[in-house]
Amino acid sequence: YTNEPTGSTVTLGFNVPQTGPYADEGADELRAYQLAVEHLNGEGDGGMMNTFSSNELQGNGILGKKVEFVTGDTQTKSDAARASAKSMIEKDGAVMITGGSSSGVAIAVQGLCQEAGVIFMAGLTHSNDTTGKDKKANGFRHFFNGYMSAAALAPVLKNLYGTDRNAYHLTADYTWGWTQEESIAAATEAMGWNTVNKVRTPLASTDFSSYIAPVLNSGADVLVLNHYGGNMVNSLTNAVQFGLREKVVNGKQFEIVVPLYSRLMAKGAGANVKGIHGSTNWHWSLQDDASKAFVKSFGTKYGFPPSQAAHTVYCQTLLYADAASRAGTFNPCGIAEALEGFEFDGLGNGKTLYRAGDHQCFKDVLVVRGKENPTSEFDLLEVVEVTPAAQVTYPIDHPMFAGGALGTCNAG
Amino acid sequence: MDAILLQILNGLDKGSAYALIALGLTLIFGTLGVVNFAHGALFMIGAFCAVTVQRIFNISYETVDESQTDFLGNALVVKTPYIESWFGPQMGGAIIDWAVPLAILFTVPIMIFVGYAMERGLIKHFYKRPHADQILVTFGLAIVLQEVVKYFYGANPIQTPAPEALSGIVNLGAIIGMDIVYPVWRVVYFFFSLVVIGGIFSFLQFTTFGMVVRAGMADRETVGLLGINIDKRFTVMFGIAAAVAGLAGVMYTPINSPNYHMGMDFLVLSFVVVVVGGMGSLPGAVLAGFMLGILESFASMNEIKSLVPGIDQIIIYVVAIIILLVRPRGLMGRKGVMED
Amino acid sequence: MLGMNKNDTKMLLLVAALTMLAPFILNPFPTDSGLAQFNAGYPDLMQRFVIFGIFAIGFNILFGLTGYLSFGHAAFLGVGSYSAVWMFKLLAMNVIPAILLSVVMAGIFALLIGYISLRRSGIYFSILTLAFAQMSFNVAYSVLTPITNGETGLQLTLNDPRVLGVSQTVDGSIPVTNLFGLEMRSTFEMVLGPWAFQFNAGYYLSALILLAVFYLSIRIFRSPFGLMLKAVKSNQQRMNYTGLNTRPYTLAAFVISGMYAGLAGGLLASMDPLAGAERMQWTASGEVVLMTILGGAGTLIGPVLGAGFIKYFENIFSKINESVLHGWFSALPDGLEDLLVTLVYPFVGKGWHMTLGILFVLVVVFLPGGLVEGGQRITNWIRNKKAGGKTPTSTTEPAE
Amino acid sequence: MGILEVKGVNKRFGGLQALGDVNLSVKENSVHAIIGPNGAGKSTLLNVLVGKLIPDTGSVMFDGKSVLGRAPYEINQMGISRVFQTPEIFGDLTVMENMMIPCFAKRDGAFELNAIGSVLSQKDVTEKAEHMLVEMNMADKRHMNAAALSRGDKRRLEIGMCLSQEPRLLLLDEPTAGMARADTNNTIDLLKQISDERDITIAIIEHDMHVVFSLADRITVLAQGSPLVEDDPQNIRGNPKVREAYLGESA
Amino acid sequence: MNVKPNFSKNANQATTAPAFLSVWDMHAYYGESYIVQGISFNVHEGEILALLGRNGAGKTSTLRAIARMDNPQLNKGEIWLDHQPLHNMASYQASAAGLALVPEDRSIIAGLTVEENLQLAQIAPPIGWSIERLYQLFPRLGERRKQEGVTLSGGEQQMLAIARALARDIKVLLLDEPYEGLAPVIVDEIEKTLIHIKEQGITTIIVEQNAVRALELADRAVILDTGGIVFDGVASEVLENEELRAEYLAI
Ligand SMILES: Nc1ncnc2c1ncn2[C@@H]1O[C@H](COP(=O)(O)OP(=O)(O)OP(=O)(O)O)[C@@H](O)[C@H]1O
Ligand SMILES: Nc1ncnc2c1ncn2[C@@H]1O[C@H](COP(=O)(O)OP(=O)(O)OP(=O)(O)O)[C@@H](O)[C@H]1O
Ligand SMILES: [Mg+2]
Ligand SMILES: [Mg+2]
């Protein structure tokens, strides 16, 4: 199989955005990867290896081989990401590629890994497509997705804002935005909300005022911002600027929802996030042992708490290592088999299943809210609800995930 | 009706940002003839002046609050800005609150210095070089400036809010009996840009400075023969342009949180604005800025979007193409400026 | 030879030798040494060198000869890529039809855009091309998603129809691109002591095509057509009053260079069947401009050097991370090691942009003719040294 | 009936009547001089002839075909070639290349080009260009960039370029301005020889009376946009109106 | 610095007045090509010096070097004007010191009107004739004050260029082919102007292909050939010296 490790080491490829708008998220992912490598090699305090339900990992590398890694810059561009991944595979002999901070890149690299015959452990990618129509036998996603965000958020929104609401969607005009919009609209409509309008905004927009202004007189009383990263910071800032948070429509307080939160980015919106609900894959303030262990380990090393991106890539690295150990081989097909249907606990989101049919993890999803009185610059979000995995699980043939096929595992 | 008025207003407001950015660019690009790919970076540096001022105002001393814990479970370190301890929480808080407007004072000299250093150190040697070389050097410079900012401030946006007093909304329609609410700061930005634009116009109109610089562009040699030290004036012009770019940046920060690549986001747009306005024409750049702003606002209206899907994605470019085909030198371009 | 003068023949032979021996030349460091980091001789990067070389050569036919600075050439590259991937999806995995279609489609696109844009000159032309390319990018990114697959990029799937071929191979995976059965990704690895050299089919195909189009560009530069274009650049007015309708000439140059871009796009897709919208973004158009100027606009070999330079940085420098640096300096005392790492780190890895920016500035300030001039200076210097005496540097001959 | 017939041409620039009812007939194979004070409209008239300007009214016929409304390159292809008052040459190209470009033109001025470039035709072109350089006394400068030529040399190069196109009508706008005496004399000889040996018609604008009177078969005096007189050289020299408006005492 | 340098090699025996403008051993380059190859001469206050030579002899280059233009580059040599060392100055400083060059291509600035072209000359001190006075001298310019300078006819441009020089308070006027392209009557006019200027005490160096006219006007003459001086003496001497005339001026 491709890049079978022959020496005493095994090389992993960490492919993250190091330049461009997501560079900070990429940097945080890299930190988590390094931490994971340390832990796998038996250095440091072991972090979540101590809480992980599987006890295969011994701190002696993977299958006795010391873990080494190479890094690359995806620039958040499919092309650059594939070039970088290829160089890791062709030049550095990486047996696994992981990383990414956007769905487009994750899907592109996942496709590449499928062809090249290596395992791809997706990083931050939230589009339904990654494990939906673009799923691949060699690709695995620990992160949650648009559907799960919607499923977790809907009940909370229902409790908070009632069932008689008119929602206005602003959506980043590309695949991730569309899948999220579809998911949220479906979930909220199911509980009785009316969708007033779905407006697509160009990815390159920086000023969303001309999209926000029409919201004022649209009769909507909820604004859903299907934006991520810089788009999200700007659209939220603009929405608050236009006084939407203070607005009262039809006798109801106007509300804003940001379905996918990223704490790193939310910082850019500052006080504007206060009281605004959204979902996230994981948050450092969780009080379970695994999360605490990870925060401690990461925080001690770097001086600040990890982001959800850091958490997911750390988990992915451990999961890969564990699967290799259980399979007793680095052969992608062996590893895939070990991961498929794998149930585990102790990585921060409670009991988790790596579903065999689409390589998506099913675990608890957090609903969070912008904190009113933050005590520090990291303390922006508070968890209002931990939605149990069962509630966000969907059947494999759910229409939002239809099309495409997993195919068969490729070992190169 | 309200909706249309609101979009016109929004277009003017967007346009004022475009016009202000394009104004700085056209001083360098349309007047000095330097294809300045670092203009976006100047805009970005202006914005980060505000961030820096905010940071400076927030320099804090630390006290340990045993009653709270931080993310690692240790006692929480509470930070209090020195300014607050010096001036009292009330006054100090107000100063911090007004960081962005106060940053203007700080930005102008900084930007003039940046412009001066850039022109003397680098651009000076490129007036006579081909445009292609200018692109390479200014693009290189832009990357470096950007990366330096990224090194110190990270890649994520940084919030720099407007003063509390200026961050609400006003009802502009109240006078005419309509309900047209608009963010105060955006109104401030609009008037601010009018003032800056007016200031630059009168400076170039009522002094011979503009004429000399234009002449120097057309024929440096001859202007030198007439006893004029054109280099000095080019430097001044560059300084002014940098200051305008910087002002556009500082004032923009409360509208959208600045990040290190915000310059690149605006770069293409500002070139389009300047060229559509017509090379060498200041009024052209301003006019084009407002025009594109308004058209962009209209294109993002749902009614228009449902007629022509995706029009808001391409409106700027469609308009640019049409204008350049109908009017060979843009709206108000002068003959012979950068046509070869 | 082949209708070329001696210098050109020499240069073509040189380029041929360089491309054919690239797997050796680009892998000078033993695989296990610390410097192996700087090796560039792996298939993907070598392919990128030659493909972007083709792109830049084509761009230079327009820019170097006519002086028209297009800021939208990436659109043609993108069109080429999309065409090729669709060909793979619908027709066959053989690269020949795909490449042909990309060239043709890019040519048609260039004809349309060029016909309109060439009504203006100077900066107005640049902005027109930029506007067209940005429009294409925006549209490809969202509105045209059914054709382009938007953000994700157009990829092959397991259920592509593929008339002349199978949708999936027997083992259930997507078939790979090939040239009459020769798989583009097939690589022969030769191990010589501590060195490992990779010979990749796709690379050699691209390299041969590069040689062909490089030869073509030499012929264009030296032909009366090329002379006419240079004359148009120098004085369009005089050209008009000498009875030449300049428009068809510049349009021809535009279309030819667009077809080069399409060829590059088709090759990219042939090596790696994916076509993403960001290939059409203005930054991508800007990149080829930078490549050309960096290498030396108007020179034959310059654009290829420029392309190599930028791609090298993008792919090699960006991969140097902190632990690699620690590896290099580990022999030094700890304090010094940390100091050096701290000093170097901002310029590599995530700081590779910074280094690239600084190099742009340095090159353009000190080598006004681009890298080619650098090369000339070195040869002159060596020659002078050999001659031993102070022969005055010959009058600046056009760097070609 | 002349080869060039200008009838009733008017051209205004804003308030300025640059050409007012100009009628002119140039006989085939003659040398026709147009003289007149500065700003009389001589260059403007030439601009109309080559399609650089479109007159407000009037007609311009060359060889029985109308010139108006055609693009400059088309007019050139009809066989009209022009030397400008400020030299228009290819500054970035070498002198030799400058000369080669018009040599690609066929007899009637139309371009014959082959992008792949057959070796043979290029050789012909090179020979012809070489020959022309020798004729213009510029062979030693063949590898210089044209921009670096002195002004007189630029002018000679431009004349050479126009001649090597073998036009039927050659328009010269002050061809010897700034040229050294010796070269002026050479140019006079060359033009004489051309007009005698080849069937080229020449229209020349010149302020140097030595040149005008050595060459011209016929002279039109233009003043304030309108023809003042048209006559033979001897008569012009004696014409008091011309003396007053143009020649001054020194002629 | 009170000692006036007198670098005269052999020249100026004709007059004993000290030199006002001295050029000593001037070497100038265009990039690598060595054009002005060690020229020395003196001009006295109020004198008109004719600088003659065939095309490419280096006349323009000499004037440009004196006017301290960037090109050609002065690599060696000294230039003194009325006690001031010009060789250390940039062109704008030389202009402030009292030097004005009327370049051979006139260099009217595009995009500026006639009047603006004149105004431009009066921005930096010292300021000379008023614009109204210049319009009296050249009424044609006054009539066209709002017209864009570059659309003037050739002769009008020449007038504008001279007027622009006079708009500054100058001590030395460098004229590069001022008669080129001018109608004989205008040449007479300009000649009168030059005499007028001379009467104001302004020193003039005139480069001209119309050697006879220049020599009749000038007090002294310098003849250049390929970058070096081949004659330096009284103007009338040249007119009388058959050999010189034939060899270098072809008259
Ligand atoms: N584009 C223009 N706009 C306005 N006026 C113009 C333009 N072109 C020429 N003129 C004016 O028209 C008149 C005729 O100019 P033209 O160049 O034809 O003169 P000319 O006879 O060639 O003179 P000269 O012998 O000095 O070259 C001049 O007064 C000139 O100022
Ligand atoms: N920019 C330049 N670069 C290189 N060589 C130049 C340049 N300008 C002029 N020369 C060369 O310098 C020499 C002298 O030129 P210059 O213009 O001084 O001559 P001139 O005596 O004024 O001639 P003319 O009477 O034709 O105007 C010529 O051989 C010319 O080719
Ligand atoms: Mg004229
Ligand atoms: Mg001269």
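Sequence lines set the chain letters: A, B, ... in the order given, protein chains first and strands last, and positions in each chain run from 1.
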If you measure from OG on Ser84(A) to CG on Leu45(C), what distance do you get to the nearest 0.5 Å? 11.0 Å

Need one label for Gln114(A): side chain, backbone, both or neither, based on atoms under 4.5 Å from any heavy atom in chain C. neither

Yes or no on side-chain contact (heavy atoms from CB on, under 4.5 Å) for Lys91(A) and Gln198(C), after CA distance, side-chain angles and deciding distance? CA-CA 10 Å; Lys91(A) 180 180 169 191; Gln198(C) 303 184 38; 5.7 Å; no

What distance do Lys86(A) atom NZ and Gln47(C) atom CD have between them, rounded to the nearest 0.5 Å? 5.5 Å

With chain C as the partner, which of Ala83(A), Ala137(A), Pro17(A), Gly72(A) has the greatest number of non-hydrogen pairs under 4.5 Å? Ala83(A)

Heavy-atom pairs under 4.5 Å with chain C - which of Thr71(A), Asn410(A), Thr408(A) has more of them than the others? Thr71(A)

Quick check: under 4.5 Å, non-hydrogen atoms only, which of residues 101-110 of chain A neighbour chain C? Ser102(A), Ser103(A), Gly104(A), Ile107(A), Ala108(A)

If I measure from the heavy atoms of chain C, does Ile89(A) come under 4.5 Å with its side chain, its backbone, both, or neither? neither

Check: Glu278(C) side chain, Asp79(A) main-chain N or O, donor-acceptor pair, under 3.5 Å: yes

Among the listed options Arg200(A), Gln75(A), Glu68(A), Glu115(A), the residue most often paired with chain C at heavy-atom distances under 4.5 Å: Gln75(A)

Answer with side chain, backbone, both or neither: which region of Ser323(C) has an atom nearer than 4.5 Å to a non-hydrogen atom of chain A? side chain

Which atom pair, heavy atoms only, marks the closest approach of Leu274(C) to Ser78(A)? CD2-CB, 4.2 Å

Region of Met46(C) that comes under 4.5 Å of a non-hydrogen atom in chain A: neither

Any side-chain heavy atom of Lys77(A) within less than 4.5 Å of one from Thr283(C)? yes

Counting heavy-atom pairs under 4.5 Å to chain C, which of Leu112(A), Asp129(A), Leu203(A) comes out on top? Leu203(A)

Among the listed options Gln281(C), Glu314(C), Lys311(C), the residue most often paired with chain A at heavy-atom distances under 4.5 Å: Glu314(C)

How far apart are the closest heavy atoms of Asn149(C) and Lys133(A), and which atoms are they? OD1-NZ, 3.8 Å

Side chain, backbone, both or neither of Thr148(C) within contact of chain A (heavy atoms, under 4.5 Å): neither

Might you point out which heavy atoms bring Asp134(A) and Thr152(C) nearest each other, and give the distance in Å? OD2-CG2, 4.4 Å

Region of Leu30(A) that comes under 4.5 Å of a non-hydrogen atom in chain C: neither

With a 4.5 Å cut-off on side-chain heavy atoms, are Arg185(C) and Glu90(A) touching? no

Got a sec, which pairs hit side-chain hydrogen bond (donor to acceptor under 3.5 Å, both in side chains) with one end in residues 27-37 of chain A, sequence neighbours left out? Asp28(A)-Arg31(A), Asp28(A)-Ser307(A), Tyr33(A)-Thr98(A)

Minimum-distance pair of heavy atoms, taken over all atoms of Trp176(A) and Glu151(C): N-OE1, 3.8 Å

Does any donor atom in the side chain of Ser318(C) or Asp73(A) lie under 3.5 Å from an acceptor atom in the other side chain? no

Chain C contact via Asp92(A) - side chain, backbone, both or neither, heavy atoms under 4.5 Å: side chain

Proximal component of Asp44(C), with respect to chain A [non-hydrogen, under 4.5 Å]: both

Chain A: which of Thr145(C), Asp272(C), Asn159(C) shares the most heavy-atom pairs with it under 4.5 Å? Asp272(C)

At their closest point, which heavy atom of His353(C) faces which heavy atom of Thr19(A), and how far apart are they? ND1-CG2, 3.4 Å

Could you go step by step and tell me if Phe14(A) and Asn321(C) meet the side-chain contact (heavy atoms from CB on, under 4.5 Å) rule? CA-CA 11 Å; Phe14(A) 301 148; Asn321(C) 55 37; over 6 Å; no

Which residues share a ring-ring contact (aromatic ring centres under 6.0 Å, His included) with Phe309(C), sequence neighbours left out: Phe313(C)

Between Gln168(C) and chain A, which part of the residue has a heavy atom less than 4.5 Å away: side chain, backbone, both or neither? neither

Heavy-atom pairs under 4.5 Å with chain A: which of Ile316(C), Asn39(C), Ile320(C) has the most? Asn39(C)

Let me know if Ala277(C) has heavy atoms under 4.5 Å from chain A in its side chain, its backbone, both or neither. neither

Between Met88(A) and Lys319(C) the two heavy atoms that sit nearest each other are N-NZ, 3.8 Å

Which residues satisfy the side chain to side chain contact (heavy atoms under 4.5 Å, CB included) test with Tyr204(C), sequence neighbours excluded? Met20(C), Pro23(C), Phe199(C)

Could you have a look at Gly407(A), Ser87(A), Ala23(A) and say which one has the most heavy-atom pairs with chain C under 4.5 angstrom? Ser87(A)

